[in-house]
Amino acid sequence: MSEAEEDILFDVVGKAGVVTLNRPKALNALTHDMIRRLRSALDTWRDAEEVKSVIVRTHEDAKAFCSGGDIRHACSAGQSDDPRLLEFFADEYRLNSVIKHYPKPYVSLIDGIVMGGGVGISVHGSHRIGGEKLLFSMPEVSIGFFPDVGGTYFLPRLPHKVGIYCAVTGGRMKLEDAVWSGVITHPVPSERFDDVFSALTQTDDPDTVLNEFTFEPGHAPLADHAHFIEAVFARETVAAIRQGLAEAAGADQDWAKKTLSFLERGSPTSVEIALRQMQRGATLDFVDCMRLEFRIVSQILKGHDFYEGVRAVLIDRDNAPKWKPDGHDLVTSLAIENHFIAPPGGDLVLD
């Protein structure tokens with residue numbers, strides 16, 4: 001396979017190990033092979049004296065940093081009972097943990113779409129550089145899934161319950177909101193990405209370099225609703241959150257109405273799972289959060305909504321999923337709790 005056909009490229013440039021996501025037609029969605037190869041490179045560079053940092057980037061003009069995991073493939077594998085599907089998620093979660101605990105600076109250059117698995121290979125790193133085209137989302141509930149790849153850990157730790165809002169509604173953030181919430185650590189103008197990349201490859205100190213390139217991206221729209229978001233998404237149940245959104249008044253009313261419509265589109269089971277996941281994740285360390293996610297995915301792949309969501313949103317694109325059950329009042333506590341128990345094969349082993 002030629003370099004142009006490789007889905008992911010690795011090189012050492014100056015003092016940096018460089019990862020280039022190279023699957024633009026698929027919005028750089030992660031395959032199992034990409035996950036394994038990235039893990040292998042990180043293991044190699046961890047002990048390489050000449051590598052002072054790791055930089056993850058895309059080729060120029062990519063519409064997405066990474067749109068997530070290869071969900072179409074995962075759906076197909078799940079429907080055919082391919083036992084390798086759980087290994088995909090196990091290896092992805094292990095990679096997320098490696099990034100979270102990486103001993104060297106791990107820098108992501110993010111411009112365009114970053115969702116799902118793309119968040120997992122960026123947000124746990126030490127430096128997240130965001131360009132003006134950034135669009136962040138964890139939209140998994142809209143396809144009958146749940147916000148995984150470490151979302152259990154980082155989302156409930158965002159300020160003002162913004163991460164819980166993202167988890168249960170699939171809410172999106174542009175650069176301003178992503179900087180305000182802490183998802184992005186360094187906003188940099190998109191046209192300066194090549195310059196910042198070149199400078200980062202020549203330094204032992206990314207912070208000093210990045211301080212020369214950052215800019216003020218402007219006012220964050222979510223900040224206008226921060227107190228309302230915190231009050232509503234701190235509630236203990238999805239029913240209470242829905243009520244809070246429905247009863248919004250004044251300056252929050254229009255935003256709340258739109259947010260409620262997003263929440264109502266998601267799989268009721270997934271939304272209920274996501275809220276409970278956020279509540280538990282807030283008290284767990286990272287490793288336990290990843291074990292919890294493996295428990296959830298092991299169960300959710302046995303259900304109906306994930307496959308129906310992928311069909312409706314990504315395959316047939318009719319955007320009319322038929323969820324089972326199709327209402328929040330029909331989702332039982334026992335059905336949700338079953339997603340939080342150890343799977344038959346045991347909990348995820350992180351190495």
[X] versus [Y]: any side-chain heavy-atom pair under 4.5 Å?
| X | Y | value |
| --- | --- | --- |
| Met278 | Lys161 | no |
| Pro147 | Leu155 | yes |
| His127 | Ser122 | no |
| His59 | Leu9 | yes |
| Glu236 | Gln279 | yes |
| Ile110 | Phe136 | no |
| Phe65 | Asn28 | no |
| Leu42 | Phe10 | no |

Under a single-linkage definition using a 4.5 Å side-chain heavy-atom cutoff for Ile, Leu, Val, Met, Phe, Trp and Tyr, are [X] and [Y] assigned to the same hydrophobic cluster?
| X | Y | answer |
| --- | --- | --- |
| Leu30 | Val18 | no |
| Val168 | Leu330 | no |
| Met115 | Val183 | no |
| Leu134 | Leu27 | no |
| Leu109 | Leu21 | no |

Distance check, rounded to the nearest 0.5 Å: [X] atom [atom1] versus [Y] atom [atom2]?
| X | Y | atom1 | atom2 | answer |
| --- | --- | --- | --- | --- |
| Ser126 | Lys100 | OG | NZ | 10.5 Å |
| Arg265 | Ser142 | CZ | OG | 9.5 Å |
| Ile35 | Asn96 | CD1 | CG | 8.0 Å |
| Leu95 | Met290 | CG | CE | 9.0 Å |
| Leu301 | Leu85 | CG | CG | 5.0 Å |
| Glu212 | Asp195 | CD | CG | 11.5 Å |

Which pair of non-hydrogen atoms, one from [X] and one from [Y], has the smallest distance, and what is that distance?
| X | Y | value |
| --- | --- | --- |
| Ala64 | Thr58 | O-CG2, 3.7 Å |
| Val313 | Arg317 | O-CG, 3.6 Å |
| Ala167 | Val141 | O-CG1, 3.4 Å |
| Ser67 | Ala26 | OG-O, 3.7 Å |
| Ala320 | Asp318 | N-OD1, 2.9 Å |
| Cys166 | Met173 | SG-CE, 3.6 Å |

Report yes or no: does [X] contribute a side-chain atom to a donor-acceptor pair with the main-chain N or O of [Y] at less than 3.5 Å?
| X | Y | answer |
| --- | --- | --- |
| Thr203 | Leu200 | no |
| Thr44 | Ser40 | yes |
| Asp111 | Lys133 | yes |
| Arg157 | Gly281 | yes |
| Ser137 | Arg172 | no |
| Arg23 | Ala29 | yes |
| Thr20 | Asn22 | no |
| Glu132 | Leu175 | no |
| Thr201 | Ala16 | no |
| Gln299 | Pro343 | no |

So which of Asp148, Asp347, Asp288 actually passes salt bridge (charged side-chain N to carboxylate O under 4.0 Å, His left out) with Arg295?
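Single salt bridge (charged side-chain N to carboxylate O under 4.0 Å, His left out) partner of Arg295 among Asp148, Asp347, Asp288: Asp347.
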
Let's go through Arg37 and His32 carefully: what are the C-alpha distance in whole Å and the side-chain angles of both, what is the deciding distance for side-chain contact (heavy atoms from CB on, under 4.5 Å) to 0.1 Å, and is it a yes or a no?
CA-CA 9 Å; Arg37 293 178 65 196; His32 201 170; over 6 Å; no

Please determine if [X] and [Y] form a salt bridge, counting it only when a charged side-chain N lies under 4.0 Å from a carboxylate O.
| X | Y | result |
| --- | --- | --- |
| Asp177 | Lys174 | no |
| Lys257 | Asp254 | no |
| Arg39 | Glu92 | no |
| Asp305 | Lys324 | no |

Verdict with reasoning, Arg235 to Glu230, per salt bridge (Lys or Arg N to Asp or Glu O under 4.0 Å)
CA-CA 9 Å; Arg235 296 186 176 192; Glu230 187 160 18; over 6 Å; no

In terms of the angle between their ring planes, are Trp255 and His225 parallel, tilted or perpendicular, with boundaries placed at 30° and 60°?
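Aromatic pair Trp255/His225 classed parallel.
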
Over 60° means perpendicular and under 30° means parallel, so classify the ring planes of Tyr93 and Phe89, tilted if in between.
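Ring orientation of Phe89 relative to Tyr93: tilted.
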
For this output row, return yes or no: ring centroids of Trp323 and His328 closer than 6.0 angstrom.
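That pair fails the under 6.0 Å test.
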
Given the side-chain rings of His124 and Tyr153, with only the six-membered ring counted for Trp, is the space between their centroids under 6.0 Å?
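That pair fails the under 6.0 Å test.
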
Report yes or no: is the cationic atom of Arg57 (NZ for Lys, CZ for Arg) closer than 6.0 Å to the six-membered ring centre of Phe197, at no more than 45° off its axis?
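Flagged: Arg57 positioned over aromatic ring of Phe197.
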
May I ask you to check if Arg280 and Phe340 form a cation-pi contact, with NZ or CZ under 6.0 angstrom from the six-membered ring centre and within 45° of the axis?
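Yes - Arg280 lies over the ring of Phe340, closer than 6.0 Å to its centre and within 45° of its axis.
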
Please evaluate residues Asp33 and Arg36 with respect to the criterion salt bridge (Lys or Arg N to Asp or Glu O under 4.0 Å), reporting the C-alpha separation (whole Å), side-chain torsions for both, the decisive distance (0.1 Å), and the verdict.
CA-CA 5 Å; Asp33 180 65; Arg36 286 172 167 165; over 6 Å; no

If you count every heavy atom of other residues, nucleotides or ligands that lies below 6.0 Å from [X] atom [atom1], does the total exceed 12?
| X | atom1 | result |
| --- | --- | --- |
| Lys52 | NZ | yes |
| Lys104 | NZ | yes |
| His219 | NE2 | yes |

Exercise: do [X] and [Y] side chains pair donor with acceptor under 3.5 Å:
| X | Y | value |
| --- | --- | --- |
| Arg128 | Ser108 | no |
| Asn211 | His186 | no |
| Thr31 | Asp70 | no |

Check against side-chain contact (heavy atoms from CB on, under 4.5 Å), Thr152 and Phe286:
CA-CA 8 Å; Thr152 309; Phe286 190 86; over 6 Å; no

Apply side-chain contact (heavy atoms from CB on, under 4.5 Å) to Tyr106 and Val56, showing your working.
CA-CA 8 Å; Tyr106 182 102; Val56 184; 3.4 Å; yes

Run the numbers on Val162 and Phe233 for side-chain contact (heavy atoms from CB on, under 4.5 Å), then give the verdict.
CA-CA 8 Å; Val162 167; Phe233 287 91; over 6 Å; no

